[in-house]
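Accompanying notes for the structure given below.
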Number of protein chains: 2
Amino acid sequence: MTALHARISGELADRIRSGEWPPGQRIPFEHELTAQYGCARATASKAVQALADAGLVERRRRAGTFVASPRIQTAVLEIPELKTEVRRRGQVYDYQQLARRVRPVNPLDPDEASLARSGDVVELRCRHFANERPLAVEDRLIHLGVAPAAATADFTTVPPGAWLLAHVAWSEAEHRIAAAAADADVAAALEVPTGTACLVLKRWTWREGKGVTFVRQRFAGEAFELVARFAPRSFDQGGHEGRPTPGMRSK
Amino acid sequence: MTALHARISGELADRIRSGEWPPGQRIPFEHELTAQYGCARATASKAVQALADAGLVERRRRAGTFVASPRIQTAVLEIPELKTEVRRRGQVYDYQQLARRVRPVNPLDPDEASLARSGDVVELRCRHFANERPLAVEDRLIHLGVAPAAATADFTTVPPGAWLLAHVAWSEAEHRIAAAAADADVAAALEVPTGTACLVLKRWTWREGKGVTFVRQRFAGEAFELVARFAPRSFDQGGHEGRPTPGMRSK
DNA sequence: AAGTGGTCTAGACCACAAA
DNA sequence: TTGTGGTCTAGACCACTTG
């Protein structure tokens, strides 16, 4: 049994996505929906508000609710935890710590300065493997002022990402994605020729506005892709065949 | 005046993000919130449901509502329309069509096959400029079965992305991001050496499950980054200084 | 079996923007 | 000024899950 407000949302969304109601078109008022569906206004309101939350419509007092213009440029990016993602693909995950040290923050490095301007960090370099082949090289900083337990944590067996997920509560993050040629060190770690094009994923994580960790992961060549899907939230019931699953995927 | 349900949501979210309520912690029942805030249950329900929609909590019948475990791996990716983004950065945008032809779909190309398995497409290659320097090379296919007007549209002055936004209603999209070395053609178009690491952004757009367009944009080197922000939806009121704005940015 | 969240109703008042 | 969306109330019934 599907809830009435969901049915109303779905039927309105269908009309919008089919083009029957083009962008700018006014959709029925709430009181019209209560008449059409024989429901209370709160139910109609919930249905329309869901469309507004999804970005499909815009609501204006006194004027009504209107079909919004498409904004394809926002998408949900699924940034997988490597261990989970590798196993989801049915491959063997492995992990190796290459280096570890504690040092003060270097405020001259712009990536580091975005994390914090002072204090000590644990600096790690490690590798992630899929089926015993190098998948990514990871450089990570963990701010000891925010996560002091990282000073004594053992990252030779536990990847820092997994450790942090278990030891740090809800947070915000920012990701930046770019391409860069592999330098000699990175190329050696990834076992590819120097100069190979790499996908570079950088992530900063904050907790209550204070930088917790910065991580830079490099993936060799076109071997891996980040996938982002856009679909109006909560209205993706109609799966389309022939399209791969979101996530990071190997070629 | 902030709505009561928003105040409740905010206060609950603060306790979660501060770590006062760690993942797995049960938060107050709805009936407890109605007592604490002196409101109706619908109001408390709306507040908690907003947290659930944002992914901060998980609700289980008969058990209660619990703080969710952080899932940093999902983020909202802002994929800018190039014309808009270049101008937002205060630069001069320019556009050039390099090639155009109409041909049948090639079902042997996996990128094309994800768009459609038959029918005719308009194939375009064009360049985007920022301050008269090449920013991106774009290869695009538009399926004439879904967008027949594209057969007669003039893409020598109007970028196909902008044209499609104006001529195609709400749609779904999937993005894939990878790195690749520039081949001779791409390198020439971007005015960089052959082999330069490029960020490759591919996007498929569907309308009612039918492929509308496929586009592949290549950006040279580390000159451009895609930015994705993660923050629980609707609870990002506390902006943090020192962090750049989302979007695509030049170095 | 009990109690939670999920849903819905039939009202109400208000702010605000459009006419 | 008018009518829309935004919000809220005080009930109610139900499904589901867990103890």
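Small disclaimer: the values here were computed from a predicted structure and weren't measured. Chain A is the first sequence line, chain B the second, and so forth, proteins listed ahead of strands; every chain is numbered from 1. When reading the values below, keep in mind they use all heavy atoms of this one structure, side chains included, and skip hydrogens, waters and symmetry mates.
- In terms of polar N and O atoms assigned as donor or acceptor, the side chain of A:R62 never comes within less than 3.5 Å of the base of C:dA19 in a complementary pairing.
- Taking atom NE2 of B:H31 as the reference point, atom P of C:dA2 lies 16 Å away to the nearest angstrom.
- A:L4 has its CG atom 11 Å from the P atom of C:dT7, to the nearest Å.
- Rounded to an integer number of Å, the gap from A:K46 NZ to C:dG5 P is 14 Å.
- For A:A3, taking side-chain heavy atoms from C-beta onward, the closest of the listed nucleotides C:dT9, C:dC8, D:dT7 is C:dC8.
- Between the CZ atom of A:R26 and the P atom of C:dA18 there is a distance of 14 Å, given to the nearest Å.
- Counting any heavy atom pair closer than 4.0 Å across all strands shown, A:R59 reaches sugar-phosphate atoms only and no base atom.
- Counting non-hydrogen atoms under 4.0 angstrom, A:A42 reaches a base of the nucleic acid.
- For the pair A:V48 and A:R59, the minimum side-chain heavy-atom distance is below 4.5 Å.
- For A:R41, the listed nucleotide lying nearest its side chain is D:dG5; candidates were D:dC8, C:dA18, D:dG5.
- Side chain of A:R17 to backbone of B:R207: no donor-acceptor contact under 3.5 angstrom is found.
- Note on A:T65: a side-chain N or O is less than 4.0 Å away from OP1 or OP2 of D:dG5.
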**Report entry** A:T34 and A:R41: CA distance, side-chain angles, deciding distance, side-chain contact (heavy atoms from CB on, under 4.5 Å) verdict
**Finding:** CA-CA 6 Å; A:T34 65; A:R41 196 190 139 209; 3.9 Å; yes
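- Distance from the side chain of B:H5 is smallest for D:dC8 among the nucleotides C:dT7, C:dC8, D:dC8.
- A straight line from CD1 of A:I8 to P of C:dT9 spans 8 Å, rounded to a whole angstrom.
- B:W163 and B:F155 have perpendicular rings, their planes meeting at more than 60° on a 0 to 90° scale where under 30° would count as parallel.
- If you measure from atom CD of B:Q49 to atom C1' of C:dT7, you get 11 Å, rounded to the nearest angstrom.
- Between A:L33 atom CG and C:dT9 atom P there is a gap of 13 Å when expressed in whole angstrom units.
- Rounded to an integer number of Å, the gap from A:E30 CD to D:dG5 P is 5 Å.
- Distances shorter than 4.0 Å separate none of the side-chain N or O atoms of B:S45 from OP1 or OP2 on C:dG6.
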Query raised in the report: Given B:R87 and B:E85, is the salt bridge (charged side-chain N to carboxylate O under 4.0 Å, His left out) satisfied, shown in steps?
Result: CA-CA 5 Å; B:R87 288 187 170 163; B:E85 181 59 18; over 6 Å; no
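- Considering only side-chain atoms of B:R61, the nucleotide from D:dC16, C:dA18, D:dG5 that sits closest is D:dC16.
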